Asker: 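Sharing a structure here in structure tokens format.
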Amino acid sequence: TIAVITIDGPSASGKGTVAARVARLLGFAYLDSGALYRLTALHAKRSSVSWNDEEAVAALARALPAEFRDDAVFLAGEFVEAEIRSEEIGMGASAIAALPAVRAALLERQRAYRQAPGLVTDGRDMGSVVFPDATLKVFLTAGADVRADRRYKQLISKGDSANLPRILQDIHERDARDAARTVAPLRQEPDARLLDTSDMTVEQAVESVLAWYRE
Ligand code: CDP
């Protein structure tokens, strides 16, 4: 059987960084499921399809010309890494992620990333919906203030401007939306291990996941 490690958690928790490193250390494939939602939002915007038009967005998601190469994201062959990480596309991703037909359209594509010797994937519903039979499920979180601080430092290090109180407010709003939505609301699965990284370095978080995997 092929190993699958799912790492779900809230916005700006650092789950993507941890998931990518665990994948590299184990020699597994890595799937950033949030990137698929972001790519779908960008694809809709470029196709002049409204983020509210469930059927039209789902049709775009079903035939999404997305590709992951060397840790970078491409849409129809174009390098779009910076664009999909923008605040605007983040909002669009959050909007379309609440549409059941869009989630259904991306389901089989996500499952197709399962490959030997294994897969590490991060998102909101990787352990609950996409890979309910995963080898190891992790719920990775951190306090809202810690997550705001991490996002702030990330933006500053890229040379972008950033406002800490506003970032903290955004995180609270995103948490509320993620928990309240009717499809795939964010919550810890009963069989997921809780990893609170508030007082951990990335290395310590990676070590915890690897230790659980080796158990
Ligand atoms: O963590 P952050 O919100 O910064 O970004 P992300 O992980 O790239 O996710 C982008 C959007 O897609 C979020 O609004 C998530 O709620 C949504 N998403 C989802 O609904 N299901 C997933 N498996 C992954 C992301």
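It should be emphasised that the depicted structure is a prediction, and the values quoted were computed from it without experimental measurement. As the structure lists them, so they are numbered: ligands from 1, and atoms in each ligand from 1.
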Asker: What protein heavy atom is closest to atom 9 (O) of ligand 1, reported as residue, atom name and distance in Å?
Answerer: Gly34 CA, 3.8 Å

Asker: Considering only protein heavy atoms, which is closest to atom 16 (O) of ligand 1, and at what distance to one decimal place?
Answerer: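 Ranked first by proximity to atom 16 (O) of ligand 1 is Asp178 OD1, 3.1 Å.
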
Asker: Among all protein heavy atoms, pick out the one at the shortest distance from atom 6 (P) of ligand 1; state its residue, atom name and that distance to 0.1 Å.
Answerer: Arg38 NE, 3.8 Å

Asker: Would you mind telling me if ligand 1 is within reach of the side chain of Glu87, the backbone, both or neither, using heavy atoms under 4.0 Å?
Answerer: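 The answer is neither; Glu87 stays 4.0 Å or more away.
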
Asker: Kindly compute the distance separating CD (Gln115) from CG (Leu31), expressed to the nearest 0.5 Å.
Answerer: 10.0 Å

Asker: When you compare the side chain of His43 with that of Val57, does any pair of heavy atoms fall below 4.5 Å?
Answerer: no

Asker: Going by the atom numbers of ligand 1, which of them fall below 4.0 Å from some non-hydrogen atom of Ala97?
Answerer: 17 (C), 20 (O)

Asker: Which of these, Leu195, Leu194, Asp8, sits in a side chain to side chain contact (heavy atoms under 4.5 Å, CB included) with Leu140?
Answerer: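 Option passing the side chain to side chain contact (heavy atoms under 4.5 Å, CB included) with Leu140: Leu195.
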
Asker: Check whether any heavy atom of Arg103 sits under 4.0 Å from an atom of ligand 1.
Answerer: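 It does, in that a heavy atom of Arg103 comes within the 4.0 Å cut-off of ligand 1.
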
Asker: Should you measure from each heavy atom of Arg174, which atoms of ligand 1 turn up under 4.0 Å away?
Answerer: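 This gives 3 (O) as the contact atoms.
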
Asker: Rounded to the nearest 0.5 Å, what separates atom CZ in Arg109 from atom OH in Tyr113?
Answerer: 6.0 Å

Asker: Is Arg114 positioned over the aromatic face of Phe131, cation under 6.0 angstrom from the ring centre and no more than 45 degrees off axis?
Answerer: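 Judged by the rule (NZ or CZ under 6.0 Å from the ring centre, within 45° of its axis), Arg114 is not positioned above Phe131.
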
Asker: Under a 4.0 Å heavy-atom limit, does Arg181 contact ligand 1 with its side chain, its backbone, both, or neither?
Answerer: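 Answer for Arg181: side chain.
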
Asker: Calculate, to the nearest 0.5 Å, the distance between atoms CD and CZ belonging to Glu173 and Arg166 respectively.
Answerer: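 Nearest 0.5 Å value for the CD-CZ distance: 9.0 Å.
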
Asker: Mind checking whether Ser11 has an N or O less than 3.5 Å away from an N or O of ligand 1?
Answerer: yes

Asker: Does a side chain donor of either Tyr30 or Asp122 reach within less than 3.5 Å of an acceptor in the other side chain?
Answerer: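 Asp122 and Tyr30 do have a side-chain donor-acceptor pair below 3.5 Å.
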
Asker: For Ser94, counting its heavy atoms only, list the atoms of ligand 1 lying under 4.0 Å from any of them.
Answerer: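 The list of qualifying atoms is 14 (O).
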
Asker: Contact between Val202 and Arg21 at the side-chain level, heavy atoms closer than 4.5 Å - yes or no?
Answerer: yes

Asker: Among all protein heavy atoms, pick out the one at the shortest distance from atom 11 (C) of ligand 1; state its residue, atom name and that distance to 0.1 Å.
Answerer: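 Checking every protein heavy atom, the shortest distance to atom 11 (C) of ligand 1 gives Ala93 CB, 3.8 Å.
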
Asker: Determine whether the side chain, the backbone, both or neither of Asp8 has a heavy atom under 4.0 Å from any heavy atom of ligand 1.
Answerer: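 Under 4.0 Å from ligand 1, Asp8 contributes no heavy atoms.
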
Asker: Hey, is ligand 1 close enough to Arg85 that some N/O pair sits below 3.5 Å?
Answerer: no

Asker: Would you mind running through ligand 1 and noting each atom that sits below 4.0 Å from a heavy atom of Lys15?
Answerer: 1 (O), 7 (O)

Asker: Is the closest heavy atom of Ala12 to ligand 1 under 4.0 Å?
Answerer: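 Heavy atoms of Ala12 do come under 4.0 Å of ligand 1.
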
Asker: When rounded to the nearest 0.5 angstrom, what is the spacing between CG in Leu64 and OG1 in Thr40?
Answerer: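 The CG atom of Leu64 sits 4.5 Å away from the OG1 atom of Thr40.
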
Asker: Give the atom numbers and elements of ligand 1 that come within less than 4.0 Å of a heavy atom of Arg151.
Answerer: 4 (O)

Asker: About how many Å separate CG of Leu210 and CG of Leu26, when rounded to the nearest 0.5 Å?
Answerer: 5.5 Å

Asker: Under 3.5 Å, N or O to N or O, is Ser33 touching ligand 1 that way?
Answerer: yes

Asker: May I ask whether Phe68 and Ile7 are part of the same hydrophobic cluster, defined by side-chain heavy atoms of I, L, V, M, F, W, Y residues being less than 4.5 angstrom apart, directly or through others?
Answerer: no

Asker: Measure the distance from atom 12 (O) of ligand 1 to every protein heavy atom, then report the residue, atom name and distance (to 0.1 Å) of the closest one.
Answerer: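 Closest protein heavy atom to atom 12 (O) of ligand 1: Tyr37 CB, 3.7 Å.
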
Asker: Under the criterion side-chain hydrogen bond (donor to acceptor under 3.5 Å, both in side chains), which of Arg147, Gln204, Arg150, Lys15 is the partner of Thr197?
Answerer: Arg150

Asker: For atom 13 (C) of ligand 1, what's the nearest protein heavy atom and its distance?
Answerer: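 Closest protein heavy atom to atom 13 (C) of ligand 1: Arg124 NH2, 3.8 Å.
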
Asker: In terms of atom number and element, which parts of ligand 1 are under 4.0 angstrom from non-hydrogen atoms of Met126?
Answerer: 23 (N)

